[in-house]
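First comes the structure, then the notes that go with it.
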Amino acid sequence: MAQSKVVTVTVEDRIAWVNFARSDKRNAMNPELNRQMMATLDELEFRDDVGVLVLGGEGTAWSAGMDLKEYFRETEARGLRGVRESQRESYGWFRRLRWFQKPTIAMVNGWCFGGGFGPLFACDLAICADEAKFGLSEINWGILPGGGVTKVVVDLLSMRDAMWLTLTGDLIDGRQASAMRLVNESVPLDQLKARTTEVARTLLMKNPVALKYAKDAVRRVGTMTYDEAEDYLVRMQEAANFHDRSDGRKEGIRQFIDEKSYKPGLGPYDL
Ligand code: ACO
């Protein structure tokens with residue numbers, strides 16, 4: 001039986017707008033959505049006409065987290081095999097998104113619960129609506145924030161804020177989420193798409209190879225010692241030099257030193 005589309009994609013001016021599209025279920029992530037997300041990431045990752053991916057949600061939700069009926073109850077009914085399969089599918093696309101070739105932006109328009117913190121963290125940047133609402137509702141239905149969610153809040157928030165959200169299940173709005181640094185910025189809902197587009201365009205003007213190595217470095221070095229990080233960063237820059245067929249860093253220096261056509265302190269070189 002053909003499955004309905006629960007993920008939609010529009011590519012426009014090198015921005016891939018990917019949406020959770022189960023608005024009737026507040027974009028809760030069921031196994032079908034998890035599979036469609038993985039297929040979507042596969043399809044978009046190395047396309048030349050895609051430079052940035054934005055993950056948004058249709059309707060009033062960004063994502064109401066994992067689907068309690070289809071992701072939990074129905075897969076548990078299939079035993080351990082069913083549970084592990086559905087975990088692999090969800091964790092799989094979250095991981096794929098964390099290390100996606102292009103920079104990614106979470107554009108959080110509304111509800112973001114529990115398992116939704118997985119893709120939220122997986123996106124490199126996050127911009128939300130002031131009207132958005134975030135919560136770790138797991139405690140309200142009797143579980144701990146699993147599937148990486150506790151790790152996400154401990155990595156992104158202070159211990160006190162992480163503990164508060166985890167134990168109380170209290171909601172926070174977009175401005176509070178921004179103040180806690182769960183997201184980069186919060187703007188009124190009617191400005192969300194325009195602001196996200198502006199940030200995406202800023203990224204599109206940068207060297208794409210440098211973006212990929214830089215975003216991976218930010219995620220990797222956190223758990224390294226200083227010496228390990230120093231070594232890793234030297235090696236990664238050398239790998240980036242190999243992959244950057246445009247020799248971008250040399251061009252960047254040339255346009256500044258010889259051509260005097262731009263100033264790196266004030267903006268990017270002309271790609
Ligand atoms: N899992 C399964 N179904 C869901 C989920 C979910 N996470 N969220 C919403 N739905 C369904 C509802 O059951 C309802 O289905 P129905 O129309 O067949 O009855 C439909 O989506 C609409 O939901 P409402 O509750 O009617 O929508 P409302 O706008 O009033 O409320 C809200 C939105 C607050 C998001 C509410 O739906 C809710 O609390 N959802 C659960 C949030 C949650 O706790 N998610 C799990 C986090 S923990 C984890 O992800 C591991």
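Everything numeric here is computed off the predicted structure, so don't read it as measured data. In each ligand, atom 1 is the first atom listed, and ligand 1 is the first ligand listed.
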* Asked: Any salt bridge between Asp48 and Arg14, counting N to O under 4.0 Å?
  ->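 So Asp48 does not pair with Arg14 through a salt bridge.
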
* Could you tell me how the ring of Tyr91 sits relative to the ring of Phe94: parallel (under 30°), tilted (30 to 60°) or perpendicular (over 60°)? =>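 Rings of Tyr91 and Phe94: tilted, as their planes differ by 30° to 60°.
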
* Sort out the contact shell of ligand 1: every protein residue with a heavy-atom distance below 4.0 Å, listed by chain and number. =>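 Residues near ligand 1: Asp24, Lys25, Arg26, Ala28, Ala64, Gly65, Met66, Asp67, Leu68, Phe72, Trp111, Phe113, Gly114, Gly115, Ser137, Glu138, Trp141.
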
* If you look only at pairs with a residue in residues 127-156, which of them pass as a ring pair (Phe, Tyr, Trp, His ring centres under 6.0 Å), with sequence neighbours excluded? ->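 Of all non-adjacent pairs touching residues 127-156, those that pass ring pair (Phe, Tyr, Trp, His ring centres under 6.0 Å) are Phe72-Trp141.
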
* Straight-line distance of Thr10 OG1 to Trp17 CH2, nearest 0.5 Å ->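 Spacing of OG1 (Thr10) from CH2 (Trp17) equals 9.5 Å.
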
* Side chain to side chain, Phe121 and Val153, heavy atoms closer than 4.5 Å ->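 When only atoms from C-beta onward are counted, Val153 and Phe121 do not touch, as no gap falls below 4.5 Å.
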
* Between Asp67 and Met29, is any pair of side-chain heavy atoms under 4.5 Å apart? ->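 The answer is no, as the side chains (C-beta and beyond) never meet within the 4.5 Å cut-off.
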
